[in-house]
Peer 1: 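For reference, the structure I am asking about is given below.
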There are 2 protein chains.
Amino acid sequence: MKISTKGRYGLTIMIELAKNFGEGPTSLKAIAQANNLSEHYLEQLIAPLRNAGLVKSIRGAYGGYILANEPAKITAGDVIRVLEGPIIIVEGIEDEEAAQKELWIRIRDAIRNVLDNTTLEDLANHSTDSEPEGYMFYI
Amino acid sequence: MKISTKGRYGLTIMIELAKNFGEGPTSLKAIAQANNLSEHYLEQLIAPLRNAGLVKSIRGAYGGYILANEPAKITAGDVIRVLEGPIIIVEGIEDEEAAQKELWIRIRDAIRNVLDNTTLEDLANHSTDSEPEGYMFYI
DNA sequence: TGTTATCCTTAGTAATTTGATAGGCATTAA
DNA sequence: TTAATGCCTATCAAATTACTAAGGATAACA
């Protein structure tokens, strides 16, 4: 179980757009180069973000993308939900698994709380406070 | 992103063993039948649980599995970590993604908190308080 | 008007994971 | 000796992930 590169790269895109908010469109090419990612792959990630109304596109030369809303009004949850799809699917849980229900509800609520209370503004401003390397991200 | 059946079925096994704790071994066959699952598939899930020292096996006729410890001393985190592997891999995060670090840390800690504070005893006793159907588990 | 930079769409694909199924050997209680 | 169980290895179809490839549509700008 993990958060895939879809969610991570998607957040990377959105944070870049948050940093450039109010300064006109940012091209995917610029974002891809700045973060050393495949532009083609990012195109596939931003498509659902556009469909979800989180970003607006400006076509043609010197076009690009802009956030559809202020960075303080877009949460990490908005982005992750679009790109990672349903998290903790325990839908259609069997009666036999009823004992586990409480656990999944607790985990779901804990994650929701973080995702819905962290905005792009939070993430864009935190930029490079560079903690020590070697920290780990296993639960 | 989701918690797969590995984690769910694994918890199902462990909760059954918790219910039968102190009453001798429980066979996988019995657990499989009670929960309408494939016995062969459960074998593959319990192998890592045994290797991790969470359960002990008793071979031969009328054998089965028992918890290696009291239900109150085994947490959901012990089980999930073994079966689901690393959660939220953001290891080897790039410098460019530094802005996201705070988010992953917050989510990691929130999930850890739930997993490490929910024991098999909690889950085994909660059994069938049967909440209304149709609740959802998307984040 | 032509060029170029960009968005947009579809298709393909190798590697990995998931969720099993199958067959058979090893061990032990009765 | 038999039957019940754990244990081990292999196989496999479907889905997902993380891309790559190719090219069309649109619009700024010279």
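Basis for what follows: all heavy atoms, side chains included, without hydrogens, waters or symmetry-related copies. Order of the sequence lines fixes the chain letters, A, B, ..., with proteins taken first and strands second; residue numbering starts at 1 for each chain.
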Peer 1: Side-chain atoms of residues 24-33 of chain A: list all donor-acceptor pairs with protein atoms under 3.5 Å, sequence neighbours left out, distances to 0.1 Å.
Peer 2:
unit_1, atom_1, unit_2, atom_2, d
T26(A), OG1, N20(A), ND2, 2.9
S27(A), OG, A30(A), N, 3.1

Peer 1: How many Å lie between CZ on R8(A) and P on dT17(D), as a whole number?
Peer 2: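 R8(A) atom CZ is separated from dT17(D) atom P by 14 Å.
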Peer 1: Could you state the atom-to-atom distance from CD of E84(A) to C1' of dA18(D) in whole Å?
Peer 2: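 Atom-to-atom, E84(A) to dA18(D), this comes out as 12 Å.
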Peer 1: Only counting residues at least two apart or in another chain, list the ones meeting side-chain hydrogen bond (donor to acceptor under 3.5 Å, both in side chains) with D116(B).
Peer 2: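 Applying side-chain hydrogen bond (donor to acceptor under 3.5 Å, both in side chains) to D116(B) gives R81(B).
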Peer 1: What is the separation between atom CG on L45(A) and atom C1' on dT20(D), rounded to the nearest whole Å?
Peer 2: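 Going from CG in L45(A) over to C1' in dT20(D) covers 14 Å.
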Peer 1: Using whole Å, report how far OH of Y41(A) lies from C1' of dT10(C).
Peer 2: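 After rounding, the gap between these two atoms is 17 Å.
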Peer 1: Side chains of D109(B) and N113(B) only: does a donor on one sit below 3.5 Å from an acceptor on the other?
Peer 2: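 The criterion, which ignores hydrogens and geometry beyond distance, is not satisfied for N113(B) and D109(B).
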Peer 1: Tell me the side chain to side chain donor-acceptor pair (under 3.5 Å) pairs involving residues 40-52 of chain B, sequence neighbours left out?
Peer 2: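 The answer is T5(B)-Y41(B), H40(B)-E43(B).
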Peer 1: Let me know the distance between CG of L42(A) and C1' of dT6(C), rounded to the nearest Å.
Peer 2: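 L42(A) atom CG is separated from dT6(C) atom C1' by 14 Å.
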Peer 1: With clusters built from Ile, Leu, Val, Met, Phe, Trp and Tyr whose side-chain heavy atoms come within less than 4.5 Å, directly or transitively, what are the remaining members of the cluster of I58(A), listed by chain and number?
Peer 2: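 Besides I58(A), the hydrophobic cluster comprises I66(A), listed by chain and residue number.
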Peer 1: Quick check: any donor-acceptor pair below 3.5 Å linking the side-chain of Q44(B) to the base of dT18(C)?
Peer 2: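 Side chain to base: no pair below 3.5 Å.
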Peer 1: Could you please name the option among dT18(C), dA20(C), dA18(D) that lies closest to any side-chain atom of K6(B)?
Peer 2: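 Out of dT18(C), dA20(C), dA18(D), the nucleotide with an atom closest to K6(B)'s side chain is dT18(C).
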Peer 1: Extract all donor-acceptor atom pairs below 3.5 Å that involve side chains of residues 70-79 of chain A and protein atoms in other chains or at least two apart in sequence.
Peer 2:
unit_1, atom_1, unit_2, atom_2, d
T75(A), OG1, G77(A), N, 3.3
T75(A), OG1, D78(A), N, 3.1
T75(A), OG1, D78(A), OD1, 3.4
T75(A), OG1, D78(A), OD2, 3.2
D78(A), OD2, T75(A), N, 2.9

Peer 1: How would you summarise protein contacts on nucleotides 1-6 of chain D per nucleotide, using B for base, S for sugar-phosphate only and - for none, with heavy-atom distances below 4.0 Å?
Peer 2: ---BBB
Peer 1: Check the distance between dG12(C)'s P and H40(A)'s NE2 and give it to me in whole angstrom.
Peer 2: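 About 16 Å, once rounded to whole Å.
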Peer 1: Which is more 5' along DNA chain D, the nucleotide nearest I46(B) or the one nearest T5(A)? Just name the residue.
Peer 2: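 The residue closer to the strand's 5' end, by nearest nucleotide, is I46(B).
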Peer 1: Just the rounded figure in Å: distance from P of dT6(C) to CG of L17(A).
Peer 2: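 Answer to the nearest Å: 14 Å.
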